[in-house]
Amino acid sequence: MTDFFTRITKRLNELGVNIDERELAHMAKQCGAGRDALQLTEDLLTVIATRKMERKIATLRKFSRIPVSKRLEDFDFAFQPSIDKQYVARLATLGFVHEGENILLAGDPGCGKTHLAIALAEECLDHGMRVYYITMGDLAMKLLQAKADDKLARVLSNLMRPDLLVIDELGYDRMGVDAAELVFKLISARYERKSIIITTNYQISQWPEVFGSAALTQVIADKFIHHAHVINITGKSYRLRNVK
Ligand code: ADP
Ligand code: MG
């Protein structure tokens with residue numbers, strides 16, 4: 001019986017109900033609850049906790065703006081031998097998120113950067129963490145718009161909320177120094193606190209072309225790379241795998 005009281009109390013506490021084992025034992029005794037009643041209680045609480053988590057994850061998934069679901073299980077590591085599967089598997093245990101570390105996924109188009117970034121983001125969602133996906137082009141526009149509307153502080157503080165921010169496609173759009181400065185603000189704000197994954201088909205040495213300023217590139221790259229896991233993918237495009 002004590003085992004039941006321990007487990008039921010634990011579940012109730014997880015669900016935010018403040019009760020201790022003695023209180024529970026007392027209640028069970030008062031209504032003469034036997035093993036069956038306690039088993040039913042435990043099972044029901046498990047169902048409630050599971051449903052609650054499912055609802056939370058569904059909401060977080062919607063909020064994440066992930067454009068299309070990608071899972072790690074569906075990634076063919078054999079096709080892309082330049083990626084260390086064990087290293088990615090370790091990242092998928094999400095220590096990097098707890099530590100506020102970043103990930104840079106670099107490589108040619110079609111080599112799986114977005115797939116891996118989203119797959120890691122989905123691992124976070126599975127664990128009830130907050131995730132937000134945005135392309136670098138949209139991020140630059142969002143920040144410029146926020147500044148123009150005098151809402152920069154609010155937008156930056158919203159972008160601090162996700163445990164993991166995925167910034168996809170650095171390099172597809174060139175940006176002006178104004179936008180690069182705002183991106184720097186965001187990267188600085190999250191520095192050593194909250195994780196960012198950036199995907200890019202540009203070498204860091206080419207980033208000045210993207211950000212339009214060597215000086216800004218230096219400070220952005222410096223902050224971003226300081227605690228970053230860098231994955232350089234040197235393989236072929238998966239999209240073109242059947243093209244001879
Ligand atoms: P990138 O972002 O590097 O341009 P994507 O991640 O968008 O490339 O990959 C292109 C398409 O190929 C996506 O549909 C992705 O799911 C798929 N893909 C890429 N690499 C792999 C892989 N190694 N195994 C399975 N699917 C892959
Ligand atoms: Mg991509």
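Only heavy atoms go into these numbers, but all of them, side chains included; no hydrogens, no water, no symmetry mates. Order of appearance sets the numbers: ligands from 1, and atoms from 1 within every ligand.
- For the ligand labelled ligand 1, residue Gly107 lies outside the 4.0 Å heavy-atom shell.
- The side-chain tip of Arg161 does not point at the ring of Tyr132 from less than 6.0 angstrom away and within 45° of straight on.
- Closest protein heavy atom to atom 6 (O) of ligand 1: His115 N, 2.8 Å.
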Pair Phe75, Phe77 - check ring pair (Phe, Tyr, Trp, His ring centres under 6.0 Å), show working. CA-CA 6 Å; Phe75 194 82; Phe77 284 90; 4.9 Å; yes
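- Contacts with ligand 1 closer than 4.0 Å are made by no heavy atom of Leu116, backbone or side chain.
- In this structure, Arg7 is positioned above the aromatic face of Phe4, its NZ or CZ under 6.0 Å from the six-membered ring centre and within 45° of the axis.
- Between the choices Arg239, Lys70, Arg71, Gln80, the shortest heavy-atom distance to atom 7 (O) of ligand 1 belongs to Arg239.
- Remark: among candidates Ala117, Gly110, Ser69, Pro81, the nearest residue to atom 1 (P) of ligand 1 is Gly110, based on non-hydrogen atoms.
- In this structure, Thr199 has no heavy atom closer than 4.0 Å to ligand 1.
- Under 4.0 angstrom from ligand 1, the non-hydrogen atoms of Tyr238 all belong to its side chain.
- Every atom of ligand 1 is numbered from 1 in the order shown, and the set under 4.0 Å from a heavy atom of Asp74 is 24 (N), 25 (C).
- In this structure, His229 has its ring center under 6.0 Å from that of Tyr87.
- Here Thr114 meets the criterion, with an N, O or S atom under 2.8 Å of the Mg ion (ligand 2).
- Here's the thing with Pro109: none of its N/O atoms is less than 3.5 angstrom from an N/O atom of ligand 1.
- Neither side chain, Asp168 nor Thr135, offers a donor N or O lying under 3.5 Å from an acceptor on the other.
- More than 12 heavy atoms of other residues, nucleotides or ligands lie within 6.0 Å of NE2 in His98, so this atom counts as buried by the packing criterion.
- No side-chain donor-acceptor contact under 3.5 Å links Ser195 and Asn102.
- The number of heavy-atom neighbours closer than 6.0 Å to CE of Met27, taken from other residues, nucleotides and ligands shown, is 12 or below.
- Backbone and side-chain nitrogen or oxygen atoms of Gly112 are examined, and one is located within less than 3.5 angstrom of a nitrogen or oxygen of ligand 1.
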